[in-house]
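Proteins get letters first, then strands, A, B, ... in listed order; numbering begins at 1 in each.
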Amino acid sequence: MLLRMSTLFLRTLREDPADAEVPSHRLLVRAGYIRRAAPGIYTWLPLGFEVLRNIEGIVRQEMNAIGAQEVHFPALLPREPFEASNRWTEYGDNIFRLKDRKDADYLLGPTHEEMFTLLVKDLYSSYKDLPVWLYQIQTKYRDEQRPRAGILRGREFVMKDSYSFDIDEESLQRSYQAHRDAYVRIFDRFGFDYVVVEAMAGAMGGSASEEFLATAEHGEDTYVRCTTCDYAANVEAVTVRLTEPVAFAGLPASHVEETPNTPTIDSLVDHLNAEFPRTDRRWQASDTLKNVVVVLLHPDGTREPLAVGVPGDREVDEKRLQAQVEPAELSPFTEEDFAANPALKKGYIGPGALGSENASGVRFLIDPRVSPGTAWVTGADEDARHVLDLVAGRDFTADGVIEAAEVRAGDPCPRDGGALETARGIEMGHIFMLGRRYAEALDCKVLDENGKLVTVTMGSYGIGVSRAVAAIVENSHDDIGIIWPREVAPADVHLLATGKDPAVFEFADRLALDLETAGVRVLYDDRKGVSPGVKFKDAELLGMPTIAVIGKNLADGMVEVRDRKSGERRDVPSGEALSVLVEECARI
RNA sequence: CGGGGCGUAGCGUAGUGGCUAGCGCGCCUGCUUUGGGAGCAGGAGAUCGGGAGUUCGACUCUCCCCGCCCCGACCA
């Protein structure tokens, strides 16, 4: 289909929209690809819709290629399945809810785990039917607290979600791997830079989980990567590199010392250096053990205090802690809680009072750095006193280990010990082994080969399809416009007819048709009376990978071919224009 | 949901307790122009985000609501 600028429903803007900050938002609006319809809700204009369809096409091809089958659920869903999985309440205000004329509850689907699970339960009942992989490309609705950055985080968005149903873990592994391989092919074809990072399976209760992040400075997700190996992980999923246990022999016994006015780590370190100087070096914050108490709100409504011990030079990272204690919610440990638990001395809490075996009875989890044989300065559970040379594993034990301390650039990589660095990205895909949560809640079982009913195990795999449009632009633009990777571009060639010479238009008309016939997708600027400068600016803004200019040098038998990305320009004889452009645009 | 900034025509903006709300881009008509967002002339287009209040008089001041952007808590 030949796109003619003279009739194309398009209006480019000369200036940036004032409300758009990030490049993808700015450029997609300015170039006339999208238009805001409501907060966080966008209309796709012809060129933008073409890009969206191209992206859908890539996803569809690769999903079909691994044997996944496409279905299509409604976006308007009844309440009941979400009631069964408890997400009607769990999802809270993020769900768009509505009622029908009979006052029955409905919702606009934020995700479709329940529907897929019920569909499989509905139709399949034997292990012989498994594995089965189903997917859909569907509009999702989430009433985001803060939609932002145009299409990057909207309240209505297009997502590809697929689910695998397997009889056992081993089979699930294969389903997961097949999807992972497909995702690599999909994101390669999208033409942007991305990383695969280890992620937390979180509340979903699964085991393996990875995220595909498009690397982007405006990305919302922070991740860490190793500077010497290919390890990359979501901040929540980073683990501390384990060190060898140290022998206790020869370590001095612990002793309690007076440490007046030292409620903070800094004041304690200063006091230690003044009153109890070390012989080898000065005391530092990392020699202290900081014990932070929080309250966990469990889904069943119970409140449980939890103490987390981390080296004093690190904060407890709330996101990391939250990810570890899912599905419980975090809440502060209040003054009332301190009053109710006199064994805990604010500012001087130490392992002596913590742990299920000790006075407070508060569960005590420690950072992996607090490993057996390491010596610490920590609270003595009395006002103005600390205990020195308290050795982990000798003088105290915790109830367990927790990864909740903040991660910092320069920390050692858990894989090879190299320095970690932080970077930002846009979450484009998330794959994880879902396990049996939904299958159990919705009673999706099949008969195994022994005739016994077993609950199926699931995998869940998502791609932000509309978000990909923005992520690609984030990754591929310059000061003057978008630079589409060929496979997602609305057209291969932006053909410009400049000037007013009828011969130019006649030549360009014929070239446009010949290109289309040869399978090259053409956006043809056939507007009359529009100055060349306007056409050049529009072509650069719109971002087709190849720009062909038919203009004044046609008189010399030449046309100009430009590469949008490199800026390279060359003149080719008009007679060879067709073959040159066909070759230029040949799909890889 | 907290902190900060901001809402004037499709887009970018000026404006002030007082006459018909101004400019640029874009759009329409005519003539000229045509390789880097052309020129001249004429024109259409705005309940100044919404509501309430103060006032002789509100785009302007006050309050409430809605929306937008940025920074934090949540997510593809």
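Looking at heavy-atom distances under 4.0 Å, A:Gly154 makes contact with a base. Residue contacts shown for A:Gly551 include a base, since a base heavy atom lies under 4.0 Å away. Using a 4.0 Å heavy-atom cutoff across all strands shown, A:Asn553 reaches at least one base atom of the nucleic acid. Base contact: A:Arg142 has a heavy atom under 4.0 Å from a base atom. Note on A:Glu211: nothing from the nucleic acid sits closer than 4.0 angstrom, heavy atoms only. Residue-level contact check: A:Gln138 touches neither bases nor backbone, having no heavy atom under 4.0 Å from any strand. Heavy atoms of A:Arg30 sit under 4.0 angstrom from at least one base atom. Across all strands, A:Asp161 comes closer than 4.0 Å to no nucleic acid atom at all (heavy-atom distances). Residue contacts shown for A:Val549 include a base, since a base heavy atom lies under 4.0 Å away. At a threshold of 4.0 angstrom between heavy atoms, the contacts of A:Val158 with the nucleic acid are absent.
For the pair A:Ile41 CD1 and B:rG67 C1', the interatomic distance rounds to 13 Å; values are reported in whole Å. The OH-C1' distance, from A:Tyr42 to B:rC68, rounds to 9 Å in whole Å. The distance from atom CZ of A:Arg562 to atom C1' of B:rG36 is 8 Å, rounded to the nearest whole Å. Per the geometry, CZ belonging to A:Arg26 stands 12 Å off P belonging to B:rC70, to the nearest Å. Following rounding to the nearest Å, A:Gln136 (CD) and B:rA76 (P) show an atom-to-atom distance of 15 Å. Counting to the nearest Å, the P atom of B:rC1 and the CG atom of A:Asp143 are 10 Å from each other.
Nucleotide B:rA73 has no partner under the Watson-Crick or G-U criteria, as no pair reaches both atom distances under 3.5 Å. Across all strands shown, B:rC48 forms no Watson-Crick or G-U wobble pair with both key distances under 3.5 Å. Partner assigned to B:rG12 is B:rC23, using Watson-Crick or G-U wobble distances below 3.5 angstrom. B:rG35 is unpaired under the criterion used here, namely a Watson-Crick or G-U wobble arrangement in which both key atom distances are under 3.5 Å. In this entry B:rG30 has B:rC40 as its Watson-Crick or G-U wobble partner, both defining distances falling under 3.5 Å. The pairing partner recorded for B:rA58 is none, the criterion being a Watson-Crick or G-U wobble arrangement whose two distances lie under 3.5 angstrom.
For A:Arg510 and A:Phe505, the positive end is not near the middle of the six-membered ring at less than 6.0 Å and at most 45° from its axis.
Ring geometry for A:Phe116 versus A:Tyr163: interplanar angle of 30 to 60°, hence tilted. Using a 30° and 60° split on the angle between ring planes, A:His25 and A:Tyr42 fall in the perpendicular class, above 60°. Between A:Tyr461 and A:Tyr176, the ring planes lie tilted relative to each other; the angle falls in the 30° to 60° range.
A heavy-atom distance below 4.5 Å is not found between the side chains of A:Phe157 and A:Thr139. Looking at heavy atoms from C-beta onward, A:Tyr141 lies out of side-chain contact with A:Leu107 at the 4.5 angstrom threshold.
You'll find a donor-acceptor pair under 3.5 Å spanning the side chain of A:Glu540 and the base of B:rG36, going by distance alone.
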Sugar-phosphate or base contact per nucleotide [nucleotides 38-43 of chain B; S, B, -; heavy atom under 4.0 Å]: S-----
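Of the candidates B:rC27, B:rG36, B:rC70, the closest approach to any side-chain atom of A:Val22 belongs to B:rC70. Of the candidates B:rG35, B:rA76, B:rC11, the closest approach to any side-chain atom of A:Phe157 belongs to B:rA76. Of the candidates B:rA76, B:rG12, B:rG35, B:rG35 carries the atom nearest the A:Glu560 side chain, counting heavy atoms from C-beta on. The A:Arg11 side chain lies nearest to B:rG26 when the options are B:rA76, B:rG35, B:rG26. Here B:rG35 is the nucleotide among B:rA76, B:rC11, B:rG35 with the atom lying nearest to any side-chain atom of A:Lys552.
For the residue pair A:Tyr135 / A:Asn64, a side-chain donor-acceptor distance below 3.5 Å is found, with atom types taken as modelled.
For B:rC23 and B:rA44, the P atoms lie 13 Å apart once the distance is rounded to whole Å. Remark: the separation of the P atoms in B:rG22 and B:rC48 is 14 Å, to the nearest Å. When the C1' atom is used for both B:rU54 and B:rG17, the distance is 11 Å, rounded to whole Å. Using P as the reference atom, B:rC1 and B:rC64 are 15 Å apart when rounded to the nearest Å. Annotation: B:rU8 and B:rG45 have their C1' atoms spaced 14 Å apart (nearest Å). Annotation: B:rG4 and B:rU60 have their C1' atoms spaced 23 Å apart (nearest Å). As rounded to the nearest Å, B:rC25 and B:rU62 have C1' atoms that lie 36 Å from one another. Spacing of P atoms, B:rA46 relative to B:rA21, comes out at 12 Å, to the nearest Å.
Of the side-chain N and O atoms in A:Lys537, none sit less than 4.0 angstrom from OP1 or OP2 of B:rG36. Considering only side-chain N and O atoms, A:Arg36 lies under 4.0 angstrom from the phosphate OP1 or OP2 of B:rC68.
Each of A:Gly429 and A:Asp16 has a nearest nucleotide on RNA chain B; the 5'-most of these lies closest to A:Asp16.
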Residues A:Glu114, A:Leu442; criterion side-chain contact (heavy atoms from CB on, under 4.5 Å); working and verdict: CA-CA 8 Å; A:Glu114 288 84 353; A:Leu442 299 165; 4.0 Å; yes
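A:Ser24 meets the side chain to side chain donor-acceptor pair (under 3.5 Å) test with A:Glu474; sequence neighbours excluded. Residues forming a side chain to side chain donor-acceptor pair (under 3.5 Å) with A:Arg60 (at least two apart in sequence, or on another chain): A:Glu70.
Taking a centre distance below 5.5 Å and an interplanar angle below 30 degrees as the stacking criterion, A:Phe536 does not stack against the six-membered base ring of B:rG35.
A salt bridge is absent between A:Asp525 and A:Arg4: the closest approach of a Lys/Arg side-chain nitrogen to an acidic carboxylate oxygen does not fall below 4.0 angstrom.
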